[in-house]
Structure formats: structure tokens, C-alpha cells
Amino acid sequence: MRSERLLSILLLLQSHGQLPSSELAERLEVSVRTIMRDVEALSASGVPVYTVRGPHGGIALLPGFRTDVTGLTADESRALFVLLSGSAHADLGLGAALGSALRKVMAALPAPHRPDADLTSRRVLIDPVRWRGAPGPDHAAPDLTAFQDAVFTDRRLRLRYRHGRDNRVHTYTLDPYGLVNKAGVWYLVADRDEEPRLFRTDRARFAAVLDEPVRRRPGVELADVWDRLRRGIDDLPAPLAVTVEVRDDILAMFLRVHAADLAVPLVAPETVPPDRAVEPGWTRVELRFRSLLAAQPLLAFGADVEVLTPDELRRHLARTSLATAALYAPDRDG
């Protein structure tokens, strides 16, 4: 609607000062001619907007014309911009609305707080979706002080880090892009030798901010690096096809835990072919895992979940169950 576009133009000019008409047109996805008509409409309504001609020209507001939201502290302004990742809003069809809302909030913030709020929006991301097949966090919150200092002061970070794959500790000099909270777990996104890397902050043995400016790759933002790293983990193939039957009493909980492992959507019982029908009170579920070890959490459901295929997983779970039972068996001599 035109009224929303006029407000967006006003707020963009309040936030950025002078902007070229071509940039306004690109941001609002309209033509330059439409922008110029909108500027004339703003001027006719009493808004002190004017145009500057020439190669460095653009559209601007007279100094002092703005509306501030009063009473917000610097920390409160930053908190407003620690938002869910853009994909979460896009999934809800709210991607465009989020951009519009942020422009309005940014323009209304007290001027001294705008740089910190903008920096926060580019240095911290919240992604609520768990890694594929991964359990939720079960550890205490790490100390993020050094990580935040490096991220917000644009300085390099010296990190002693314990790797999860082999428990070895290595020391790195990193160039941070920002922090990401992935389903309750904090990660540092940084370049190591100009290559993007992901570091779980709770595996840090020591972190110190260096007195050296960060060396990020030009034009690269946190959201871009995070998307590449996330896809490299979440999009790995899961070659182990697993068929299970789940007792209906715990089906809802099972699906919450293994939602990321579903190979195909569940089908209504009445649409299941006769040769694939299951006993009443049970539901058949098709899953995908990366390995036998990744499928081992199925044992947590005990006799309420039965693995039908593949046979190698059935044997693996049987061996694990027998070993566990032997571990907790009463002393034969006692």
C-alpha cells in the first residue's frame, strides 16, 4: 500500500540521512519514478524532504526532523535487535514484515543507540531449530564475555579449543563474524586462515581478545557465513533408512524428538496399504540417520518403539541392550 511505502521512505531517510533515489527504489522494490512521486507526496503533506542533484545527490530530510522513542537504554535498544534468524520469519511468511518493522524501530530509536542496535543485528543470530538428530543442550551456560568483546569491538580472538571428535585441544587465532544461538547452544562463527569455521563456546578452554583488528573477508556478513556452515551440517546425506513402529501413546513425544529424522511425512492410518498395516495402537514411521550410532537414541523409548529394518540396526541395538543389562545385573555371587 502507498501509505506504508511513504512511511517506509520517511523512516529510511530518518535512519540513514541522504539516500539515492535508486537505492530507495531497490529497497522498496518499486521504480525510481514511483519514489519521486512519493517524495512529492511527502513534501505536499508538510514533510521537509528535498532532493540534491548531482553524482553524489539523493533524497534527504531537513536536519532535526525525526521522532524518537524515549526511555530506551542502550542495552534495551540492542536487545530489540537480537532476533530470530531470517529463515524463521520467512517460514511464517513474515520476512518482508520483519524488514519493515526493523526499519521503523531503527528510525524511532534515540540517535545515540542506533549504531549499537545495528551492530547487534549483524553480530548475533538466534536459530531455534535443533541440528538434525541432535539432542537438546544438557550443559551449563558458557562464559561469553571474551566472545562478545571480540565480536562487538571487531578484534581478533585467541582460542584454546577442545574438539568434540577426538577431545584434542588446539590453539587458534580467529577472525569472528558473530555469535549464533542454535537451539540453546552458543557458537562462535569465525574465519580461521580465511576459511569459515564453527566453534561451540562451551568447548573453549581459554579465550582472549587480541589487540589486533579483525580481518574479515570484505562484504561477508554473519548471516551469510552461518547459512553456509549450517547447510554443510544439516544437508549431509543420511543414508541409513530405518523403519520403526511406535506405540501411539508416546507417538507425539517421539515425533518431537525425531522430527528432523523423518524420511517421509506420516500418513493417515486409513490410507496405509493392507500389506503395510500395523497392529492397532501402533504407527509405522520411516526415518533417516547418518549412522548406526546416530540411531542409537531410539533405545531411549524402550519397548514403546521397535525397529523393523534394517537388520544391522536391530542387531546393533540388541548388542547395546545386552551390554547395558549385563552392566547393571546383580552380582552372580551375591
Side-chain angles (χ1 to χ4, degrees), residues 78-91 116-210 212 214-217 219-236 238 257 259-261 290 294 297:
R78 287 176 58 185
L80 289 173
F81 284 79
V82 178
L83 298 168
L84 295 175
S85 63
S87 61
H89 294 86
D91 290 344
D116 282 346
D118 178 66
L119 184 63
T120 298
S121 71
R122 295 188 295 112
R123 295 287 185 267
V124 180
L125 286 176
I126 307 297
D127 187 340
V129 181
R130 291 189 294 114
W131 295 114
R132 179 181 176 88
D138 57 357
H139 53 81
D143 183 359
L144 299 176
T145 303
F147 297 99
Q148 291 185 82
D149 286 347
V151 163
F152 288 114
T153 60
D154 290 332
R155 287 186 290 172
R156 307 187 87 190
L157 185 76
R158 179 69 49 78
L159 182 69
R160 281 184 57 78
Y161 186 77
R162 177 182 61 82
H163 286 274
R165 61 181 177 270
D166 56 13
N167 279 332
R168 292 185 178 180
V169 177
H170 298 270
T171 300
Y172 303 115
T173 297
L174 305 175
D175 296 295
Y177 287 92
L179 290 165
V180 174
N181 185 293
K182 178 71 167 172
V185 179
W186 282 102
Y187 294 87
L188 175 73
V189 176
D191 274 355
R192 177 167 67 86
D193 299 329
E194 299 186 350
E195 287 294 324
R197 294 288 187 269
L198 201 58
F199 299 88
R200 274 183 62 148
T201 58
D202 60 338
R203 291 182 183 156
R205 289 296 172 262
F206 173 79
V209 182
L210 302 180
E212 301 177 31
V214 72
R215 304 174 187 175
R216 300 188 188 102
R217 286 166 287 143
V220 180
E221 293 287 342
L222 169 62
D224 304 318
V225 184
W226 168 247
D227 188 60
R228 173 182 170 182
L229 293 170
R230 179 192 60 77
R231 289 179 181 277
I233 296 172
D234 272 342
D235 293 351
L236 285 174
V257 173
D261 302 315
R290 293 174 186 159

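The first residue in the sequence is number 1, and the count goes up from there.
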Taking the side chain as every heavy atom from C-beta outward, state whether [X] and [Y] have any atom pair closer than 4.5 Å.
X: Trp186; Y: Val180; value: no
X: Leu157; Y: Leu210; value: no
X: Leu179; Y: Val189; value: no
X: Arg160; Y: Tyr172; value: no
X: Asn181; Y: Tyr187; value: no
X: Thr171; Y: Leu159; value: no
X: Pro176; Y: Val214; value: yes

Please test Arg217 against Tyr177 for side-chain hydrogen bond (donor to acceptor under 3.5 Å, both in side chains), starting from the C-alpha separation and ending with a verdict.
-> CA-CA 10 Å; Arg217 286 166 287 143; Tyr177 287 92; 3.2 Å; yes

Check for a donor-acceptor pair, side chain of Asp193 on one end and backbone N or O of Glu195 on the other, with a separation under 3.5 Å.
-> no

Is a side-chain N or O of Thr173 found less than 3.5 angstrom from the main chain of Arg158, in a donor-acceptor match?
->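 Here the side-chain-to-backbone pair does not exist.
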
Before giving the answer on side chain to side chain contact (heavy atoms under 4.5 Å, CB included), spell out for Lys182 and Trp226 the whole-Å C-alpha distance, their side-chain angles and the decisive distance to 0.1 Å.
-> CA-CA 11 Å; Lys182 178 71 167 172; Trp226 168 247; 3.8 Å; yes

Minimum heavy-atom separation for Phe147 to Ala204, with atom names?
->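 Scanning both residues, the minimum pair turns out to be CZ-CB, 3.8 Å.
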
Where do Pro196 and Leu229 come nearest, in terms of heavy atoms and distance?
->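 What the structure gives for the nearest pair is O-CD2, 3.7 Å.
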
After noting the C-alpha distance and the side-chain angles of Arg216 and Asp154, does the key distance pass the side chain to side chain contact (heavy atoms under 4.5 Å, CB included) rule?
-> CA-CA 9 Å; Arg216 300 188 188 102; Asp154 290 332; 2.8 Å; yes

Could you grab the distance from atom CG of Leu222 to atom CG of Asp227, nearest 0.5 Å is fine?
-> 10.5 Å

Rounded to the nearest 0.5 Å, how far does CG of Asp202 lie from CZ of Arg162?
-> 7.5 Å

Can you sort out the partners of Arg205 under salt bridge (charged side-chain N to carboxylate O under 4.0 Å, His left out), two or more places apart, ordered by chain and number?
->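 Per chain and number, Arg205 pairs via salt bridge (charged side-chain N to carboxylate O under 4.0 Å, His left out) with no residue.
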
Lys/Arg-Asp/Glu bridge criterion (N-O < 4.0 Å) met for Asp224, Arg228 | no

Which of these, Arg155, Arg215, Arg156, sits in a side chain to side chain donor-acceptor pair (under 3.5 Å) with Asp175?
-> Arg156

Could you check Leu198 against Leu188 for side chain to side chain contact (heavy atoms under 4.5 Å, CB included), going step by step and ending with a plain yes or no?
-> CA-CA 6 Å; Leu198 201 58; Leu188 175 73; over 6 Å; no

is_close_aromatic(His170, Phe199), centroid dist under 6.0 Å |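 That pair fails the under 6.0 Å test.
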
Mind running side chain to side chain contact (heavy atoms under 4.5 Å, CB included) on Asp191 and Leu174 for me, showing each step along the way?
-> CA-CA 6 Å; Asp191 274 355; Leu174 305 175; over 6 Å; no

